[in-house]
Novice: 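Before we start, here is the structure in question, set down as structure tokens.
Position 1 is the first residue of the sequence; numbering continues from there. Start at 1 and go down the list; that is how both ligands and their atoms are numbered.
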Amino acid sequence: MSGETMEQLRAKLDEINMDLLRLLSQRADIVQRIGRLKQAQGVQRFDPAREKEMLDKIVAANPGPFDDSTIRHLFKQIFQASLQLQEEEKMHLLVSRKRRAEDTVVEVKGVRIGDGRPVVVAGPCSVETREQMERVGAGLRAQGIVLLRGGAYKPRTSPYDFQGLGREGLILLRETADKYGMVVISEIVTPADIEMATQYVDIIQIGARNMQNFELLKAAGSVRTPVLLKRGLSATIEELLFAAEYIMSRGNSQIILCERGIRTYEKATRNTLDISAVPILKQESHLPVLVDISHSTGRKDILAPVAKAALAAGADGIMVEVHPEPSVALSDAKQQIDLDQFAKLMDSLRQGGFLPEPAQQAVR
Ligand code: PEP
Ligand code: MN
């Protein structure tokens, strides 16, 4: 003993510290694996009986010089940290950036959403006639737009309002999109229609009123068609992410989030665009985020600045309602813009450097 120098003893301590660290990390890895098994079996993570059994075993083997209560205290700290690790892991949803650091890029027929180049989704609130779709399809394509929206199933606030053309509307959308080389986005409201809809639509929209229709979310999670999920009228950001988790946990990871305004006391706009939701969603999740500038504002006169704000805040694109003749539209007539107004909006965004030129990628 007397021959040992301070340096030698310190070197030994350093070595033991490293061994302890390695063992603690190994232990933590096993704890995480146990946590996942418990989660799969639906078993409670905290197991006081098992903890007592482990502590008793350790104390019984305590060779000293630490007394039993100190050993108990030290190991309890380790157990507590392990439990925390299991809890933290449970909190990391599949949609969370903590689970996946890289951005998810949703790709449909060669169109990429979320790759850093903002996209524009445009089209009428509702699909109404073949002629209407022909005019809007041609006009949008001339502007380089490839993401065509249009509602065939309309979840209207009043049961007396136009409810949409249903399957016939999906067929008209598909015909138009195929003619002009576009990608179809349309809302589906019934779980039983999801499978059928995949024949016609390239991206299934789940609307604000259905964001917490859990059976619909599960059905959308069971197919491999990308899903555009809109934030509920009064949903928190966390609730939106949990709704996306319903889809992703069923195996469909191709999800686009959409901020479309929330209910507040403000009456100047139809809803209040929660612009801060954009950077928060981008930070918390790896999924692409779009901003619906039409439903969030309910107006035509502030679309350019609102779109610029959305893109400046980091949105992966915008959605806007465009109708060849908004004054006669069967739904949302007040907020839809015509093709000339749309062209002006695009000019403003392109000239401001908010959108790339030429507009977008071609459809394969
Ligand atoms: C829509 O986009 O057609 C629509 C109904 O929007 P939201 O679900 O956001 O109200
Ligand atoms: Mn609408």
Novice: With side chains defined as the heavy atoms from C-beta onward, is the minimum distance between M346 and V120 less than 4.5 Å?
Specialist: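 SC-SC contact between M346 and V120 confirmed.
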Novice: Going from CG on L345 to NZ on K308, what distance comes out if it is rounded to the nearest 0.5 angstrom?
Specialist: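 The CG atom of L345 sits 8.5 Å away from the NZ atom of K308.
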Novice: Under 4.0 Å from a heavy atom of G207: give me the atoms of ligand 1 that qualify, with their elements.
Specialist: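 Numbered from 1, ligand 1 contributes 8 (O).
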Novice: In the structure I gave you, are the side-chain heavy atoms of L311 and L355 within less than 4.5 Å of one another anywhere?
Specialist: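 They are in side-chain contact.
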Novice: What protein heavy atom sits nearest atom 6 (O) of ligand 1, and how far off is it?
Specialist: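 Going by distance alone, atom 6 (O) of ligand 1 is nearest to K230 NZ, 2.9 Å.
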Novice: List the closest protein heavy-atom neighbour of atom 8 (O) of ligand 1: residue, atom name, distance to the nearest 0.1 Å.
Specialist: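 Of the protein heavy atoms, A208 N, 2.7 Å lies nearest.
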Novice: For atom 5 (C) of ligand 1, what's the nearest protein heavy-atom neighbour? Residue, atom name and distance, please.
Specialist: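 Result: E187 OE1, 3.8 Å.
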Novice: Return the name of the atom in H295, of element N, O or S, nearest to the Mn ion (ligand 2).
Specialist: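 It is NE2, the N, O or S atom of H295 closest to the Mn ion (ligand 2).
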Novice: Measure the shortest side-chain to side-chain distance between M133 and E175 over non-hydrogen atoms and say whether it is less than 4.5 angstrom.
Specialist: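 Not in contact.
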Novice: Which residue supplies the protein heavy atom nearest to atom 3 (O) of ligand 1, what is that atom called, and how far is it?
Specialist: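 In this structure, atom 3 (O) of ligand 1 has R149 NH2, 2.8 Å as its nearest protein heavy atom.
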Novice: Taking the N/O/S atoms of D332 one by one, which is nearest to the Mn ion (ligand 2)?
Specialist: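 Restricting D332 to its N, O and S atoms, the minimum distance to the Mn ion (ligand 2) goes to OD2.
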Novice: Does the residue K154 have a heavy-atom contact with ligand 1, meaning some pair of atoms that are separated by less than 4.0 Å?
Specialist: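 Yes.
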Novice: Which atom, counting only N, O or S, brings E321 closest to the Mn ion (ligand 2)?
Specialist: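 So the atom name we want here is OE2.
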Novice: Hey, does L273 have a side-chain heavy atom less than 4.5 Å from the side chain of T297?
Specialist: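 The answer is no; the side chains never approach within 4.5 Å.
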Novice: Among E259, E239, E238, exactly one meets salt bridge (Lys or Arg N to Asp or Glu O under 4.0 Å) together with R231. Which residue is that?
Specialist: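 The salt bridge (Lys or Arg N to Asp or Glu O under 4.0 Å) with R231 is passed solely by E259 among E259, E239, E238.
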Novice: Which residue holds the protein heavy atom closest to atom 9 (O) of ligand 1, what is that atom called, and what is the gap in Å?
Specialist: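 Going atom by atom, the protein heavy atom closest to atom 9 (O) of ligand 1 ends up being R260 NE, 2.6 Å.
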Novice: Side chains of E15 and L13, heavy atoms from C-beta outward: is any pair under 4.5 Å?
Specialist: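 Counting from C-beta outward, E15 and L13 never come under 4.5 Å.
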